[in-house]
Amino acid sequence: MPLFGSLVPLAAALFILLVIIAYAIRILREYERGVIFTLGRFTGVKGPGLILLVPYVQQMVRVDLRTRVLDVPSQDVISHDNVSVRVSAVIYFRVIDAEKSTIQVEDFMAATSQLAQTTLRSVLGKHDLDEMLAERDRLNDDIQKILDVQTDAWGIKVATVEIKHVDINESMIRAIARQAEAERERRAKVINAEGEQQAAAKLLEAAQILARQPQAMQLRYLSTLNVIAGEKNSTIIFPFPMELAELLSAKTGGSSE
């Protein structure tokens with residue numbers, strides 16, 4: 001009985017020691033950092049690995065340094081050409097300064113989300129709908145640079161911003177389809193006109209070459225007859241010299257006078 005009574009204080013001391021050790025030992029993974037506060041004051045950043053703290057004197061805040069994915073909710077945006085659209089995006093960012101992300105901002109996830117929403121509306125509101133649809137890469141870069149500058153004070157690095165969806169109403173979709181159809185028709189007419197212009201230029205060039213040697217026109221007549229004969233039809237074509245037609249026309253005009 002006396003022996004049992006002497007073991008009670010030893011067991012209590014051992015229990016208290018184990019509790020102190022349990023509160024003092026912290027293990028941080030490779031992607032984690034611990035922001036240490038001693039009596040409420042910042043005293044450093046530790047990790048990864050085994051960390052020893054003074055119980056009830058020091059506290060530690062874990063910070064994850066891995067890349068995070070933030071889905072920005074759909075935002076109603078009025079484009080520069082007064083078109084109402086709904087735009088959603090996704091942001092990839094990570095903590096590069098554990099001290100700033102803990103001390104300078106209360107909740108860096110919520111703060112980054114709200115900042116991303118306002119920046120998305122602000123940047124896209126300065127551009128036309130055609131730019132939103134055709135120049136997403138440039139808009140992504142603009143939004144990323146703005147967010148990266150503003151979140152630098154929080155120890156946040158915004159790596160990538162991607163616009164996922166640009167939703168427009170049905171009436172605007174039909175208007176865009178009509179506009180695209182009209183644009184294709186315009187291009188077809190322009191291409192057709194350019195072809196006619198080039199063909200006319202080549203015909204003029206060919207006529208000038210043939211006019212230098214009258215025998216060349218006769219050779220063209222014979223070449224055309226050869227092509228027609230190869231088609232096995234019953235049509236017979238005799239070439240009529242244009243110079244003879246002009247001569248007959250001149251004589252007829254002279255005799256009438």
Could you tabulate the donor-acceptor pairs under 3.5 Å formed by side-chain atoms of residues 32-45, not counting sequence neighbours?
| unit_1 | atom_1 | unit_2 | atom_2 | d |
| --- | --- | --- | --- | --- |
| E32 | OE1 | R29 | N | 3.1 |
| E32 | OE1 | R62 | NH1 | 3.0 |
| R33 | NH1 | E30 | O | 3.0 |
| T38 | OG1 | T43 | OG1 | 3.2 |
| T38 | OG1 | Q58 | NE2 | 3.0 |
| T43 | OG1 | I36 | O | 3.3 |

Evaluation steps, side-chain contact (heavy atoms from CB on, under 4.5 Å), between I51 and I27: CA-CA 6 Å; I51 306 298; I27 297 177; over 6 Å; no

Closest heavy-atom pair and its distance - V161, L147: CG2-CD1, 4.0 Å

Cluster link Y92 to V95, ILVMFWY, side chain under 4.5 Å: no

Contact check, side chains of W154 and T112, non-hydrogen atoms, under 4.5 Å: yes

Nearest heavy atoms of L28 and G47, plus distance in Å: CD1-CA, 3.7 Å

Audit row: R68, F93, side-chain contact (heavy atoms from CB on, under 4.5 Å) steps and yes/no: CA-CA 5 Å; R68 300 168 183 255; F93 70 97; 4.0 Å; yes

Over all atoms of both residues, closest heavy-atom pair of V77 and M132: CG1-CE, 4.2 Å

Student check: side-chain heavy atoms of V90 and L70 closer than 4.5 Å: no

Ion pair check, E181 and R184, cut-off under 4.0 Å: no

Rounded distance [0.5 Å steps], NZ in K46 versus CG in L52: 7.5 Å

Carboxylate-amine/guanidinium proximity below 4.0 Å for R187 and E183: yes

Residues, nucleotides or ligands: over 12 heavy atoms within 6.0 Å of K164 NZ: yes

Full working for side-chain contact (heavy atoms from CB on, under 4.5 Å) between L124 and I163: CA-CA 10 Å; L124 296 183; I163 298 175; 4.0 Å; yes

Short side-chain donor-acceptor distance under 3.5 Å, T118 and Q114: no

Test side-chain contact (heavy atoms from CB on, under 4.5 Å) applied to L65 and V63, step by step: CA-CA 6 Å; L65 302 185; V63 179; 4.3 Å; yes

Gap separating the CD1 atom of I168 from the CZ atom of R86, nearest 0.5 angstrom: 14.0 Å

Nearest atoms (heavy-atom pairs only) where K157 meets D148: NZ-OD2, 2.9 Å

Spacing of OG belonging to S113 relative to CD1 belonging to I91, to within rounding of 0.5 Å: 7.5 Å

Check: V85 and D167 side chains under 4.5 Å, non-hydrogen atoms: no

Distance in Å, S79 OG paired with E131 CD, rounded so as to fall on 0.5 Å steps: 9.5 Å

Spatial distance of atom NE2 (H127) from atom CG (L133) [nearest 0.5 Å]: 13.0 Å

Shortest non-hydrogen contact from T119 toward L115: OG1-O, 2.7 Å

Pairwise side-chain contact, Q144 with T160, heavy-atom cut-off 4.5 Å (strictly under): no

salt_bridge(D64, R94) N-O dist < 4.0 Å: no

Exercise: identify the closest heavy-atom pair between Q117 and P73: NE2-CD, 3.7 Å

CE on M109 to OG on S101, rounded to 0.5 Å: 12.0 Å

